[in-house]
Amino acid sequence: TPSNHSVTPAAGIYGIITRADDGVSIPGAEVTLANESPVANTYCNEGGRYAFDSPDPDDYTVTADKEGYLPGIESVTVQSGNSYEVNIELSWKLQLFTGEFRDVSFVNAQAGWAVGQEGKVFKTTDGGASWGEKTTGSLNALNCVHFVDTSNGWAAGDGGTILRTVNGGDNWSKLSPGTSINFYDIHFANTTNGWVAGQDGKIFKTTNGGTDWEEQTSGVANQLNALCFVDADNGWAVGNGGKIIHTADGGANWNTQDS
């Protein structure tokens, strides 16, 4: 632990909880002192520091836990009259996933979601300092994700997969676009109007948040890799072969633009 993270002894057991990757302290981590059963628990202060009053001589475990991190455990043998510094490093749960992330969406400086292989979705509420995995119920790769606010979001990917959440990613429901192509980008102008694009120049639109989808005529057969709308009418999609297409009427008509 870096020297500037040392804690002045003020109790029988004291220390600091830090991130394993960069040594930054973790405010608010819960710390539990236990022998055969929990003896006491506390929460770290703004500097990531904690302290317990002198416990009886015994063998103890000190466990630190914080949402988005793997728990950390250290052992300590307490003898009468002594103080003990027990510092613990926590690793992000995100590190359990070593596969490929495909897209990320943030709605503000704090709330964001990352998606990737195996239907993985991870969420952060502190600007990426910590991430927690969310269950999607899908094993298909997710290639894109888009949120319009902290509650409403959509993710799409291989095999015609489109997922929706209305509670910030805590729960996801599967939508049915009526196709099994791979989707590579999804974008919503608001909570009702959205588009998804992918293989073979395919674009699908929903006007009810994803319950129903209607295929649009893009005018191209090239794979479309990304799309963006600035409102419910004006949008663009781009893809392989230098293709750029534009709509000014919500996708009812798409026109090719020169790249």
Side-chain angles (χ1 to χ4, degrees), residues 1-99 101 104 106-116 118 120-136 147 150-151 165 167-172:
T1 302
S3 58
N4 63 333
H5 280 174
S6 63
V7 181
T8 301
I13 298 176
Y14 61 93
I16 187 168
I17 310 303
T18 59
R19 299 198 309 226
D21 59 332
D22 57 12
V24 173
S25 61
I26 304 176
E30 183 177 12
V31 185
T32 302
L33 180 67
N35 40 34
E36 294 183 356
S37 60
V39 174
N41 76 298
T42 188
Y43 291 87
C44 294
N45 64 16
E46 292 182 355
R49 296 176 174 84
Y50 76 93
F52 292 107
D53 292 334
S54 299
D56 294 333
D58 203 345
D59 294 325
Y60 293 89
T61 59
V62 181
T63 302
D65 198 8
K66 180 73 180 289
E67 183 179 0
Y69 294 85
L70 297 173
I73 303 175
E74 295 289 343
S75 298
V76 58
T77 298
V78 173
Q79 297 180 351
S80 180
N82 294 330
S83 295
Y84 301 87
E85 182 175 6
V86 180
N87 300 322
I88 300 177
E89 295 181 337
L90 301 185
S91 298
W92 289 3
K93 286 183 180 179
L94 185 62
Q95 294 176 340
L96 291 175
F97 177 59
T98 58
F101 282 110
V104 64
F106 273 74
V107 295
N108 53 45
Q110 302 299 318
W113 299 260
V115 302
E118 303 172 4
K120 297 291 187 181
V121 174
F122 287 82
K123 178 182 179 180
T124 180
T125 57
D126 55 14
S130 60
W131 294 81
E133 184 176 357
K134 300 299 180 180
T135 300
T136 64
F147 275 74
T150 56
S151 298
T165 180
N167 59 5
D170 290 338
N171 302 100
W172 294 84

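Owing to the predicted nature of the structure, the values given are computational and were not obtained by experimental measurement.
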Practice item. May I ask you to decide if Gly112's main-chain N or O and Trp131's side chain share a donor-acceptor pair within less than 3.5 Å? Key: no
Check residues 59-67 and write down every donor-acceptor pair under 3.5 Å in which the side-chain atom is one partner and the other belongs to a residue at least two apart or another chain.
residue : atom : partner : partner atom : Å
Asp59   : OD1  : Thr77   : OG1          : 2.7
Tyr60   : OH   : Asp56   : O            : 2.6
Lys66   : NZ   : Pro27   : O            : 2.9

Check your understanding: Looking only at atom types and distance, does a side-chain atom of Tyr69 sit under 3.5 Å from a main-chain N or O of Arg19, one as donor and one as acceptor?
Key -> no
Exercise for review: Could you tell me how the ring of Phe147 sits relative to the ring of Trp113: parallel (under 30°), tilted (30 to 60°) or perpendicular (over 60°)?
Suggested key: parallel
Exercise for review: Report the distance from atom CH2 of Trp172 to atom OG1 of Thr136, rounding to the nearest 0.5 Å.
Suggested key: 8.5 Å
Practice item. Taking all heavy atoms of Ile17 and all of Ala29, pick out the closest pair and write down the distance. Key: CG2-CB, 4.2 Å
I'd like a table of donor-acceptor pairs (distance under 3.5 Å, sequence neighbours excluded) in which one partner is a side-chain atom from residues 30-45, with atom names and distances.
residue : atom : partner : partner atom : Å
Glu30   : OE2  : Asn41   : ND2          : 3.1
Asn35   : OD1  : Ser37   : N            : 3.4
Asn35   : ND2  : Asp58   : OD2          : 3.4
Asn45   : OD1  : Gly47   : N            : 2.9
Asn45   : OD1  : Gly48   : N            : 3.2
Asn45   : OD1  : Arg49   : N            : 2.9

Check your understanding: Would you find a donor on one side and an acceptor on the other, under 3.5 Å apart, between the side chain of Thr165 and the backbone of Asn171?
Key -> yes
Review point. Ser151: what forms a side chain to side chain contact (heavy atoms under 4.5 Å, CB included) with it, not counting sequence neighbours?
Key: Asp149
Review point. Looking only at heavy atoms, what is the nearest atom pair of Ser25 and Ile16, with distance?
Key: CB-CD1, 4.0 Å
Review point. How far does CG of Asn87 sit from OH of Tyr50, to the nearest 0.5 angstrom?
Key: 6.5 Å
Exercise for review: Starting from the C-alpha separation in whole Å, work towards a yes-or-no answer on side-chain contact (heavy atoms from CB on, under 4.5 Å) for Glu85 and Tyr14.
Suggested key: CA-CA 5 Å; Glu85 182 175 6; Tyr14 61 93; 3.5 Å; yes
Point to revise | Leu70 side, atom CG; Glu89 side, atom CD - distance, nearest 0.5 Å | key: 13.0 Å
**Study point:** Closest non-hydrogen atom pair between Pro55 and Ile13, with its separation
**Key:** CG-CD1, 4.0 Å
